[in-house]
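Hydrogens, waters and symmetry mates play no part in the numbers below; they use all other heavy atoms, side chains included. Letters go in sequence order (proteins before strands), and every chain restarts at 1.
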Amino acid sequence: MADVRLVYEGGTIRVEGVERLTDAAPDGAFSDIEFDPRSETGRVPAVQYAALRDRLAELDIDVDDAVFESASLNLSSDYQLREYQRDALGAWEGNGRRGVLELPTGSGKTVIGIAAMERLDVPTLVVVPTIDLLEQWEKELDREFSVPIGRLGGGEQRVEDVTVATYDSAYLRADELGNRFELLVFDEVHHLGGEGYRDIARLSAASARLGLTATFERSDDAHRAVEELLGPVVYRIDAEELAGEHLAPYDIKRIEVELTPDEREEYDRHQEQFTDYLAKSSITLTSGSDYQKLVKRSGTDPRAREALLAKQRAREVMMNAQRKVDRLADLLDRHRDDRVIVFTAHTELVYRLSERFLIPALTHETAASERRAILDRFRAGEYSRVVTANVLDEGVDVPDANVAVVLSGSGSEREFTQRLGRILRPGAGKRAILYELVTEKTAEERVARRRR
DNA sequence: ACTGACCGACAACCAGCGGACCCA
DNA sequence: TGGGTCAAGTTCTTGTCGGTCAG
């Protein structure tokens, strides 16, 4: 009879016979196994399964391992990896099949994921943030592999040996999926830093884990949590290095605009109200966590809330400055033969621009069918321009464009990288241009610096 | 099968000048 | 000496997503 038996149960590994380990192992070697008085067994979070299994093997402890039911799938595809894709996959395998690959949008992350699945040939769960990506992966996997492809999300709940799921669905069913898949592939893995989504990885016993993203680091440091669940970044290449051969060469141009006198007055007034409050309350604002404290405070202190609202209004003035719109007119004129995407931070401005320049608008309010129609026409060349808030930042298959105009945006490096990625795969080897419109002598100059 | 309304989750959200205090 | 912190039980607002459910 085996000394120890391992069983998966609702996101944990039940360790039966844990009491026998104290005799077999040096003191404290298994102190991280908690004793569960209800089942009278040991118990660890499923994420620790691989490490536990390896330690038991090292000590020659006889284990009855019932966590997975393994079966070979005979996955095979005929993709040819590019050199950097092979290097990336190699780095991941070299790190014990754990870790994150940081590659720019358009560099073929899906291809690497599929190659990893083929190499390991085990049941695999691919996790994606949007329905759009769900469908792209599903289509791709269906074309490459001859096994049925499962799907969790977008109204379907079908589990197969190879399954694609949204973060939301995977999260809702994490405890029952934890021992179904031996390889996890997370697309846009920075989402896994979210408080709830982490459970997908924590409650899974899969020992092979692959994360894909263009921007791993998060301003809130939550990527540290992802590192613990998945492993660190093991390979990184940026758009600069691929520009020319695999991605379009590009330029980034910053255009500074002034506020109109009215806007300046309004901006200064609101900004002052904000800074006055800070001065009176002797608050320092140097980091994101300081700002969070201020937000907390605004829950009880009406003056703090007023100050935040004033700051918000100042931001709106600065981001939606009239002269940005004027400059946009110039740019649209200059690029009348190019394919242009205009990005803003506010929905309302999207509609104003849409009316003034007769450009189709895409926001979160745009119904799915209309959205599809606009993107189809953009793809077909019927439309050469589109104006959007944040809808197209991630997870939508956007037709190629070669000019991006960022009227306003957050200071987030991620948002910037994603928007840049939207113009990096044009055909005909055209040079891509990203214009960044920034209002002079406002906080926007700082914001623009921060995002790069 | 689709739509809109609802919900919860997630992300970004960041003066300017300057000093006192604590700790490694 | 150099670097971090300096106000807490109650977390602003806007934009976007997926899941669910009623019609």
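For the pair A:Leu134 CG and C:dG18 P, the interatomic distance rounds to 9 Å; values are reported in whole Å. Note: CG (A:Leu294) to C1' (B:dC13) measures 10 Å, nearest angstrom.
Comparing the same atom, P, in B:dG8 and in C:dT11 gives a spacing of 15 Å after rounding to whole Å. Comparing the C1' positions of B:dG18 and C:dC6 gives an interatomic distance of 13 Å, to the nearest angstrom.
When every heavy atom of A:Ala443 is checked against every heavy atom of A:Tyr267, the shortest pair comes out as N-OH, 3.0 Å. Closest approach of A:Val387 to A:Leu353, counting heavy atoms only: CG2-CD1, 3.9 Å.
Phosphate contact (OP1/OP2 of C:dT14, side-chain N/O of A:Arg315, threshold under 4.0 Å): absent. Contact annotation: A:Arg218 side-chain N/O to B:dA11 OP1/OP2 distance is under 4.0 Å. Taking side-chain N and O atoms only, A:Thr166 has no distance below 4.0 Å to OP1 or OP2 of C:dG18. Applying the 4.0 Å criterion to OP1 and OP2 of C:dC6, one finds that A:Lys293 has a side-chain N or O inside that range. When the side-chain nitrogen and oxygen atoms of A:Ser169 are compared with OP1 and OP2 of C:dG18, none of them lie within a distance under 4.0 Å.
A:Tyr49 and A:Phe68 have perpendicular rings, their planes meeting at more than 60° on a 0 to 90° scale where under 30° would count as parallel.
Among the atoms of the strands shown, none is found under 4.0 Å from any heavy atom of A:Arg372.
Under the Watson-Crick or G-U wobble criterion, with both distances below 3.5 Å, C:dA22 is paired with B:dT3.
Between the side chains of A:Arg313 and A:Gln273, not a single donor N or O lies within less than 3.5 Å of an accepting N or O.
Side chain A:Gln292 to base B:dC13: a donor-acceptor pair is found below 3.5 Å.
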